[in-house]
Structure formats: C-alpha cells, structure tokens
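Below: the structure, in structure tokens.
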Amino acid sequence: MSVMTLDDLRRILVECAGEDDSTAVAGDIADVPFEDLGYDSLALMETAARIEQRFGVRLPDDEVLDLATPGAVLDAVNKAAAGV
Amino acid sequence: MSEPVYVTGIGVVAPNGLGVKEFWSSTLEGRSGIAPLTRFDSTGYPARLAGQILDFDAAEHLPNRLLPQTDVSTRLALVAADWALRDAAVNQAAMTDYDMGVITSNASGGFQFTHGEFRKLWSQGPQFVSVYESFAWFYAVNTGQISIRHGMRGPGAVLVAEQAGGLDALGHARRTARRGTALVVSGGVDSSFDPWGWLSHLSSGRVSAVGDRDRAYLPFDTAASGYLPGEGGAILVVERADAVARRRAPQVYGEIAGYAATFDPPEGSDRPPGLRRAVELALDDARLRPGDVDVVFADASGVPELDRAEADAFREIFGPNGVPVTAPKTLTGRLYSGGGPLDVVAALLSIRDGVVPPTWHTADVPPDHGIDLVLGEPRNRSVSVALVLARGRWGFNAAMVLRAVADGAGSARA
C-alpha cells in the first residue's frame with residue numbers, strides 16, 4: 001500500500017514550482033527525468049519539504065538530489081513509509 | 001572620446017501607468033497613482049497613502065513557473081524588462097549571451113515574499129520556509145531573474161543606494177557598455193507594501209501623514225510635509241552607439257551623456273551636502289555647462305529642509321530661477337530604486353515630445369527658494385539636455401545628464 005501516489009506528487013510539484021508552459025506534468029511522467037520536466041534542484045528540495053509536511057516522510061537533502069525521476073521519488077517515499 | 005551610450009528601449013511599471021504610453025499620458029494629464037493602501041488593512045497606521053500599482057496581474061505576463069519563486073517587486077521588474085526589450089526590438093537569440101548584461105538597482109528586496117516566509121518560520125517552523133526564500137529576498141534577485149529569463153550572461157550587478165541607486169545602476173550600465181558589453185538591461189524596481197515593509201517606510205520619519213492625496217506630497221511647497229512611498233519603476237535598454245547602428249535599433253530615446261555620484265559629509269560636519277558637486281561632476285562628464293541644461297527633474301524630497309537644500313543647490317549652480325525644474329513624482333510617490341529610472345524616462349520623453357510635465361499638486365513655492373518650478377500644467381519647451389537628480393537616505397547623491405540624439409544615429413523616429 002503506497003502512502004503517496006503519482007497524482008499526489010504531481011500536485012506537490014505544481015504547487016512548489018509551477019507548471020512549465022511547454023512541458024506539462026500531466027500523463028505518465030514517472031520515468032521522465034526532472035531535468036526534462038524543467039524542475040531543478042531547488043524545486044526538488046521544496047518538494048521534499050512538502051512531502052515531509054504532508055506525508056511525514058523525511059528525505060534528506062543529499063538523497064533527494066539523487067532522485068532523478070518522479071518514480072524514484074515515489075519509490076523512496078513509499079519505502080521509507082513502509083520502514084524498508 | 002568614449003563611444004556614446006544610448007537608451008533604446010523603455011519598460012515602465014508605475015502607479016499611474018503600466019507601460020510607457022499610459023505612464024506618460026497620466027504624467028502630462030495629472031492622473032495620480034496615490035491612494036490609501038489596500039494591500040493589507042492599514043487602518044490605524046499613522047500614514048496610509050502610497051503610490052500603488054493596482055492593475056497588475058503577474059500571471060497575465062509571466063510564466064506560471066516563475067510565480068512561486070518571485071516577490072511582487074521581481075515580477076514587476078521582469079515584466080518591465082520584457083517590455084523594454086520588446087520596445088528596443090532586441091532579438092536575444094541573435095546576440096551573443098556574453099554581450100548582454102543586466103545591472104539593476106534595488107532598495108528593499110523581496111519584502112512581501114519574505115514577510116510571508118518569516119510568518120511561516122515563527123508560526124510553523126523552519127522546515128515550512130520556502131527554499132526560494134534563499135534568493136527571493138535579496139537585492140540582486142531582479143538582476144538574476146532578468147539575466148536567467150533572457151539568457152544574458154554578460155556583466156551582472158546590483159547597486160543599492162536607496163532612492164539614488166537607480167541612477168547609479170544606469171551610470172554603471174553606461175560604464176559597462178563602454179567597457180565592451182554591447183547591450184545592458186538596467187534600471188530599478190521596488191515594492192514593499194506588506195505591513196512590515198510599510199512600517200519600515202514609516203520609521204524614516206519622512207513619510208507624510210496628511211490624509212488628502214492631493215496635499216500629502218508637496219515638494220518645494222510651503223505646506224511640504226514629507227513624501228509618499230510608491231512602488232514600481234522602470235527598466236531601460238542601454239546600448240553603445242556603434243551597437244545601436246549595427247543592429248538598426250528602431251529608436252534612440254537619448255544619450256546618457258553624463259553621470260556622477262557623491263556622498264554627503266557626516267552629520268555635524270561643516271562641509272556642504274554633496275548634491276551640488278554631483279551635478280557639477282555630471283555636467284563635466286557630459287562636457288556641458290549649467291547654461292546648456294533645459295530642464296531639471298528634481299529629487300523633490302518633500303521634507304522641508306531637504307527641499308531647501310536642493311533649491312539652494314539649484315540657485316548656486318544655475319542662478320536664481322535659472323532653469324525650469326520639475327518633479328512629476330508627486331503622482332507616483334517616491335519609488336526608491338525605481339525613482340531615478342522613472343524620472344530618466346520622463347526626461348527622455350520630454351526630449352522626444354518637447355514638453356515638460358509639471359509638479360502636480362505643488363502650488364505655493366516660497367519666492368526665496370529662487371527656483372522656476374513648473375507648476376499647474378505641462379510647459380511646452382524644446383529639450384535637448386535634461387538633468388535628473390536623486391538623493392538616497394544616508395547621504396547618497398546621484399546626477400544624470402540625458403541629451404537628445406540627432407536623427408540618423410540609428411534612430412528611425414522622426
């Protein structure tokens with residue numbers, strides 16, 4: 001059972017750093033690199049802070065910056081939540 | 001002699017007009033942007049009048065991506081820069097990124113944004129503070145954001161000198177253009193009308209507490225009672241003459257012909273204030289004499305002793321009633337870093353149109369000021385040379401000389 005879904009992450013991303021006019025975050029973006037989606041390291045740090053606030057899962061800054069795709073973020077959050 | 005440096009594009013975000021056209025018609029027709037503060041509940045504050053920009057919707061002008069990371073002052077600066085570049089018909093993609101610089105002034109940083117994040121800090125905790133606070137607050141943010149948005153990797157700088165800083169930025173833009181950067185985006189924009197920002201304005205002790213918007217900011221008037229703060233400013237495109245000719249810029253508004261900055265001596269010193277010296281140095285820089293100046297855009301503090309000091313400087317430099325003086329900023333309030341650049345815009349449009357806007361609302365100027373203040377209505381006058389002055393709190397003085405450019409120097413405007 002996942003604590004966070006791709007739609008949850010999508011909402012947080014848009015809230016933290018807006019939507020790009022050309023590359024929308026709609027659709028299956030799980031494996032699209034953040035760089036291609038137009039989200040930089042600051043946007044990811046902001047996203048990690050919101051995830052902690054909403055889902056109680058803390059992702060350390062240095063680990064966050066290694067997560068290259070939305071799918072990798074979901075994986076890390078859900079594993080941490082499950083205590084893996 | 002150094003290559004002349006021209007202004008080829010203008011972007012204005014002023015309380016009495018978004019865009020050059022609206023600002024200029026408001027300025028000539030006396031439409032004021034002064035109103036009681038509506039950005040927050042200002043009931044109970046000792047002074048409530050300010051020059052606010054009320055018709056600006058950032059989402060209409062900027063990508064959604066930029067909104068979570070920008071203060072209102074930066075949004076205004078970004079839009080003013082867009083407009084200036086469009087006005088100058090600059091094709092950034094066709095230019096080398098290192099040949100374009102950004103040099104702005106800022107006096108208060110991202111106040112409203114920071115106020116919101118500080119509230120999160122003390123009410124929710126540090127982990128709730130936006131990561132964008134790391135740069136949204138600080139003076140250089142407008143320079144940085146303009147530079148990123150337009151891919152301008154040439155010299156970037158910010159100058160901070162309260163109300164004098166905007167002229168300092170334009171002066172440094174000219175220096176930068178002469179040192180080899182073909183095009184520099186320059187000017188200043190400020191906004192700080194959240195409760196914290198407003199208190200900071202009031203703490204100067206110089207903000208007028210008069211409640212009638214047409215009587216509150218009356219520089220040089222016997223009833224002068226201080227100034228009103230405003231928000232906004234102007235961003236200009238500054239280019240070396242040879243670059244202007246090469247790319248066939250659509251118009252040249254004028255030449256930045258002279259610039260100087262000075263500091264006042266410390267309080268209690270018997271040396272005179274630095275304003276007169278700033279004017280003399282700027283005129284020397286332009287190789288002009290006081291008699292060549294057709295109009296002066298005054299700093300116009302509205303604080304009686306500062307008005308008197310400025311009038312003294314005018315009499316000493318130009319002789320009694322020796323030159324028309326004006327201060328259209330009575331319609332906008334003092335815009336801090338935006339004040340000098342917006343006055344430069346008014347000066348350039350005076351050159352273009354042969355008309356000097358008046359100091360709206362001021363009516364009763366003491367004869368012993370000995371200044372020819374333009375009052376009541378615009379004055380038709382051919383303007384070849386305009387002088388713009390700005391003083392910043394804590395002793396900053398800046399003077400800039402703008403000169404008409406004859407048709408043919410890259411100019412398509414009749």
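Every chain is numbered from 1, with letters handed out A, B, ... down the list of sequences.
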**OP:** Find the distance between OG (B:S134) and CE (A:M45) and round it off to the nearest 0.5 Å.
**Re:**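 That separation rounds to 8.0 Å.
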**OP:** To the nearest 0.5 Å, tell me how far B:Q69 CD sits from A:D40 CG.
**Re:**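 It is 7.5 Å, given to the nearest 0.5 Å.
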**OP:** Provide the closest heavy-atom pair for B:P68 versus A:G18 in the form atom of the first, atom of the second, distance.
**Re:**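 So the two residues come closest at CG-N, 3.6 Å.
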Subject >> Contacts with chain B made by residues 49-70 of chain A (heavy-atom distance under 4.5 Å), listed by residue number >> reply: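 Residues A:A49, A:Q53 are the ones that qualify, each having a heavy atom under 4.5 Å from chain B.
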Original post:
Can you pull out the residues in residues 111-132 of chain B with any heavy atom less than 4.5 Å from chain A?
Top reply: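 At a heavy-atom separation under 4.5 Å, chain A is reached by B:Q127, B:F128, B:V129, B:S130, B:V131, B:Y132.
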Subject >> B:R39, CZ: over 12 other non-hydrogen atoms inside 6.0 angstrom >> reply: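 Yes, the 6.0 Å shell around CZ holds more than 12 heavy atoms from other groups.
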